[in-house]
Amino acid sequence: MLKSLNPTGGLVGIWSEEHQVISAAKAVRDAGYKKFDAITPFPVHGMDDAMGLKASWLPWVTFFAGIFGCGFAVWFQWYVAAYDWPLIIGGKPFFSLPAFVPIMFELTVLIGGLSTVGALFVVCGLPKVNPPIIDPRLTDDRFAIFIPETDVGYNVEKIDKLFRQLGAEEIKKIAEF
Amino acid sequence: MIGRAPLVLGRKTFADITNDICAPVEGGTKRGWLSLFALTLVWAGIFFSVVGAIVCIGTGLMGISHPVGWGTMIVTFVFWIGIGHAGTLISAILFLFRQKWRTGIARAAEAMTIFAVMTAGIFPALHTGRPWLDLWLFPYPNQRGPLWINFRSPLLWDVFAVSTYFTISLVFWYIGMVPDLATLRDRAKDKVSKTIYGMLSLGWRGNNRAWSHYESTYLILAGLSTPLVLSVHSIVSFDFAVSLLPGWHTTIFPPYFVAGAIFSGFAMVVTLLTLVRTAYPQFQDYITLDHLEVMNKIIMTTGLMVGYAYASEFFIAWYSGNGYERYTFINRAFGPMSWSYWIMVSCNVLIPQLFWIKSVRRGIIPMFIISIFVNIGMWFERFVITVTSLHRDFLPGSWGMFHFTWADLGLIFGSFGMFLMLFMLFIRFLPAVSIAEIKPVMNVGKEGGGHHA
């Protein structure tokens, strides 16, 4: 996954309709390409299935980071209130768990949320300085499929023919994506 | 089958949507915007002058004294934090419930949340009296022992709740905006805006392998924000409820505060969006009258909820048989500060009931006026809770009064200046409606469309 973030050249087909690009993605996948990607202005529903992508694993990051945040809050409040400098406050026990619940919750959310976003940045290769842009319309009203030249069975003529059959309104070769 | 109201009006193409939403950002600085911005800048200037005076001279400039030690600062803090809740409710909770109508208004509402929480955050920081020592609110190893903070105090829970809320809301808002910032980058004509939006968009390119993770992150952040938003105002209410003061020491506070927060926040969203729609007519197709009507229904419903809370508090004060509790409530309604109680009841419970009438619910001017009343009413609700409980507690010998000073009024008035100034900047430089989110729902409720619905 992370390897596909390195810039490579390849061939791009551009479509103007959402449903066309979904069927194009299916066809490209059926033709045996593995590293191709779809570039769309918004998340196109059904694209993950068409491309054969597995569900994102980022929720696991949230889960474990959240558990860590909660555990850290328990440990830290115990360390502060019961170990490092125990003080009697309001006649409560040093380790007064019910009073620690709000901070446990807040740190679960904070660390869980920030770690998920951090993981998103890593997995998508963000932030990227001066990313190669195929076409400015791809964040507006056009949809594209990009097949990198490192993909199995990459062949310009074959892909060009495939894109043409799939009704691409534009096909171009790009130096890097 | 009952037809669905369209979420986006008019037959639009993807490019139309992009053009419409990017227009205020790309159209250059208009005279109208500039004069309004100058106004809010001066307004915010008043706020920061008063804040400066309070920092340099001291909190004694305000009306707080014995026995009312929590005054304008706390009241206005709770007010602004409450305003923020509507944004998170719209962006996160309605997202989880798959309420597609939220799409048109989510971005602006979330921006409102961020700015409201920023405004709110100033108040407790100043309320400490020595804001340059506010670092002491956070647990850090220090040379005083180390003397740690008291994790059993609700005031400390509040520090964590508000800072977590601000951080997660900001991240949620920003992550949601990244694809739109990439659109602005790709459309930018001049080098300066290309560089700035290029940096802000983090190099987003909209490839599906990234979208797949992005959508899952967005869902997770919505899922985390949902309990978070409910927790924030609950914890704010603990500041009061965990004390032993009559009028504060009640178990109804967390849900009562959350309902009030949503109520006031929706009113602020309506106030702002009616203005945005008037200033930028192209947004009327995205922020439709149907959206506003739904929000007005929510205002009416939550207005009834707070009305129920007021009644239930009164009932419990009598039914508990606790003389102090009963006196506090009689004093609220009929004592020397009863004017504030009746402003609260009329603005929050009575006036929103006008939304039962369809023409009021769908009229821009009536809903704007009602939303202002709700904002006023909700400020007074917090005033009633904070000040009328403090000014007469157990011993008549320690009773007192609260008097506003110019600093109190300057703070309340000025805080709107800061909030509106930030909102003006938002509307000029960032996409006020989510471009990437509105495109998938643009055909909902239309003939021959809506296969996503």
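Just so it is clear, the values below take in all heavy atoms, side chains as well, and ignore hydrogens, waters and symmetry mates. Chain A is the first sequence line, chain B the second, and so forth, proteins listed ahead of strands; every chain is numbered from 1.
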Undergrad: What part of A:Met47 gets closer than 4.5 Å to chain B, counting heavy atoms only: side chain, backbone, both or neither?
TA: both
Undergrad: Sort B:Pro146 into side chain, backbone, both or neither according to what part of it lies under 4.5 angstrom from a heavy atom of chain A.
TA: both
Undergrad: Assess whether atom CG of B:Leu135 is packed by more than 12 heavy atoms of other residues, nucleotides or ligands within 6.0 Å.
TA: yes
Undergrad: For A:Phe121, is it the side chain, the backbone, both, or neither that has a heavy atom closer than 4.5 Å to a heavy atom of chain B?
TA: side chain
Undergrad: Under the ring-ring contact (aromatic ring centres under 6.0 Å, His included) test, which residues partner A:Phe36, sequence neighbours left out?
TA: none
Undergrad: If you round to the nearest 0.5 Å, how far is CZ of A:Phe42 from CD1 of B:Ile17?
TA: 8.5 Å
Undergrad: Tell me if the NZ atom of A:Lys34 is crowded by more than 12 foreign heavy atoms within 6.0 Å.
TA: no
Undergrad: Using heavy-atom distances under 4.5 Å, tell me whether A:Asp84 contacts chain B through its side chain, its backbone, both, or neither.
TA: side chain
Undergrad: Give, as side chain, backbone, both or neither, the part of B:Ser216 having an atom under 4.5 angstrom from any heavy atom of chain A.
TA: side chain
Undergrad: For B:Tyr140, is the OH atom crowded, meaning more than 12 foreign heavy atoms sit under 6.0 Å from it?
TA: yes
Undergrad: Can you tell me which portion of A:Ile134 sits under 4.5 Å from chain B's heavy atoms? Options are side chain, backbone, both or neither.
TA: neither
Undergrad: Do the ring centers of B:Trp148 and A:Tyr83 come within less than 6.0 Å of each other?
TA: no
Undergrad: Are there over 12 heavy-atom neighbours, none belonging to A:Lys161, within less than 6.0 Å of that residue's NZ?
TA: no
Undergrad: Which answer fits B:Leu147, side chain, backbone, both or neither, if we ask what part of it has an atom under 4.5 Å from a heavy atom of chain A?
TA: both
